[in-house]
Protein chains: 2
Amino acid sequence: MTTSIVAREVLVPDRVKGCCQPVAAPLSDARVDELSAIYRALGDPTRVQIVHILAAAAEPVCVCDFTAAFDLGQPTISHHLSKLRDAGIVTSTKRGVWAFYKLNAAMTSAARDAIQLID
Amino acid sequence: MTTSIVAREVLVPDRVKGCCQPVAAPLSDARVDELSAIYRALGDPTRVQIVHILAAAAEPVCVCDFTAAFDLGQPTISHHLSKLRDAGIVTSTKRGVWAFYKLNAAMTSAARDAIQLID
DNA sequence: TCCTCATATCGAAGGCTGTCGATCGATGTC
DNA sequence: GACATCGATCGACAGCCTTCGATATGAGGA
């Protein structure tokens with residue numbers, strides 16, 4: 001998962017071979033992992049659609065609405081929701097037998113920016 | 001790849017079971033596929049780092065700089081670059097023996113927005 | 001012409017992902 | 001207390017993804 005960049009002196013080889021340029025300092029492993037994890041969580045059509053529905057909803061959405069909206073089995077919907085929850089993009093609460101999901105109000109700013117393309 | 005949403009009358013079941021809410025109309029399959037493809041292209045730490053380097057570079061970057069910067073084999077770097085190229089995020093040109101990559105000036109606005117989190 | 005070097009492509013191995021059917025735990029209803 | 005329902009979890013399977021070593025391609029130099 002981490003990126004394992006080699007040491008700085010190799011990174012900027014001072015045009016040793018006539019073609020190479022200095023290159024920007026890499027992002028920190030933590031930042032790169034944070035960003036790629038957010039992108040990966042959104043890299044599935046069903047999850048993009050789920051985020052779209054949640055972004056448009058005034059209130060938390062019941063899981064049963066998702067299972068009705070998609071042509072997928074209930075365990076698959078549950079799987080996608082838990083991926084989004086693991087990525088910190090949504091949160092869930094239980095009311096009686098039902099589980100309701102909404103966008104995480106405490107989302108990282110990176111996640112908030114990332115989902116803003118989804119109208 | 002496409003999302004296969006069921007018909008609208010199932011999508012808005014009018015609180016049949018006492019828990020369900022109307023839900024936003026789904027995004028079009030084309031839009032969902034476009035967005036999830038962009039996210040998927042960025043859902044890997046190495047590719048995030050590559051985009052970061054390209055975003056910071058004043059000029060196109062030689063492939064040899066990437067193979068020097070990452071602790072990965074040359075075919076693997078080539079693979080990541082071609083994924084970014086397939087997603088329309090980067091373009092490549094050859095000068096002599098070397099290949100140079102830069103951010104695609106004609107990127108879709110969705111792609112441009114998506115990579116803007118990568119400082 | 002032959003060799004070297006940079007890059008792309010191929011084929012394979014291993015791990016991760018999306019999907020399903022079956023099951024389980026919890027909650028509400030009769 | 002028995003039963004039904006919702007949602008999470010488990011186990012399995014197929015497909016994709018990342019990575020590698022080996023090889024092909026193609027340009028420059030001796």
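The chains referred to below are lettered A, B, ... by the order of the sequence lines, with proteins before strands, and numbering in each begins at 1.
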- Message: Under a 3.5 Å distance rule, please check whether Arg47(A) uses its side chain to pair with a backbone N or O of Leu84(A) as donor and acceptor.
- Response: no
- Query: Does Tyr101(A) have Arg85(A) sitting over its ring (NZ/CZ under 6.0 Å from centre, angle to axis within 45°)?
  - Reply: no
- Query: Which listed nucleotide (dT27(C), dG7(D), dT17(C)) is nearest to the side chain of Ala99(A)?
  - Reply: dG7(D)
- Between dC20(D), dT7(C), dT18(D), which nucleotide has the shortest distance from any of its atoms to the side chain of Cys64(B)? dT7(C)
- Item | Shortest non-hydrogen separation from Gly43(A) to Arg40(B) and the atoms involved | O-NE, 2.9 Å
- Please tell me which of Asp44(B) and Ser78(A) maps to the more 5' nucleotide of DNA chain D, matching each residue to the nucleotide holding its nearest heavy atom. Ser78(A)
- Message: Whole angstroms only, please: what is the CD1-P distance between Ile77(B) and dT19(D)?
- Response: 8 Å
- Of dG18(C), dC17(D), dA8(D), the nucleotide closest to the side chain of Arg85(A) is dA8(D)
- Within this structure, what is the CH2-to-C1' distance between Trp98(B) and dT4(C), rounded to whole angstrom? 12 Å
- Task: When you get a sec, tell me which of dC20(D), dA8(D), dG18(C) is the closest nucleotide to the side chain of Pro75(B)?
- Result: dC20(D)
- From the options dT18(D), dC6(D), dT19(C), select the nucleotide whose nearest atom is closest to the side chain of Leu72(A). dT19(C)
- Query: Looking at dC6(D), dA8(C), dT19(D), which one has an atom nearest to any side-chain atom of Val63(B)?
  - Reply: dA8(C)
- Short side-chain N/O contact to dA8(D) OP1/OP2 from Tyr101(A), under 4.0 Å: yes
- OP1 or OP2 of dG26(D) less than 4.0 angstrom from a side-chain nitrogen or oxygen of Lys94(B), does that happen here? no
- Just compare dG18(C), dT7(C), dT18(D) and give me whichever is closest to any side-chain atom of His79(B). dT18(D)
- Message: It should be established whether His80(B) places a side-chain nitrogen or oxygen under 4.0 Å from OP1 or OP2 of nucleotide dC17(D).
- Response: no
- To the nearest angstrom, how far is Lys83(A) atom NZ from dG7(D) atom P? 21 Å
- Give the C-alpha distance, both sets of side-chain angles, the deciding distance and a yes or no for side-chain contact (heavy atoms from CB on, under 4.5 Å) between Trp98(B) and Asp65(B). CA-CA 11 Å; Trp98(B) 297 292; Asp65(B) 289 321; over 6 Å; no
- Taking only side-chain nitrogens and oxygens of Thr76(A), does any of them come within less than 4.0 Å of OP1 or OP2 of dC20(C)? yes
- Item | Spacing between Leu81(B) atom CG and dT19(D) atom P, to the nearest angstrom | 12 Å
- Distance, rounded to the nearest Å, where Ile50(B) contributes CD1 and dT18(D) contributes P: 11 Å
- Note on the structure: Separation of dT7(C) atom C1' from Asp65(B) atom CG, nearest Å, is 14 Å
- Task: Please check if the side chain of Arg112(B) supplies one atom and the backbone of Ala106(B) the other of a donor-acceptor pair under 3.5 Å.
- Result: no
- Message: On DNA chain C, does the nearest nucleotide to Arg95(A) precede the nearest nucleotide to Gly73(A) from the 5' side, or the other way round? Give the residue.
- Response: Gly73(A)
- Item | Separation of Ile38(A) CD1 from Ile89(A) CD1 (nearest 0.5 Å) | 6.5 Å
- Check every atom of dT19(D), dG18(C), dT18(D) against the side chain of Arg47(B) and return the nucleotide holding the closest atom. dT18(D)
- Measure the distance from CD on Gln74(B) to C1' on dT9(C) and round it to the nearest whole Å. 10 Å
- Task: Would you kindly give the CZ-to-P distance between Phe70(B) and dT18(D), to the nearest whole Å?
- Result: 14 Å
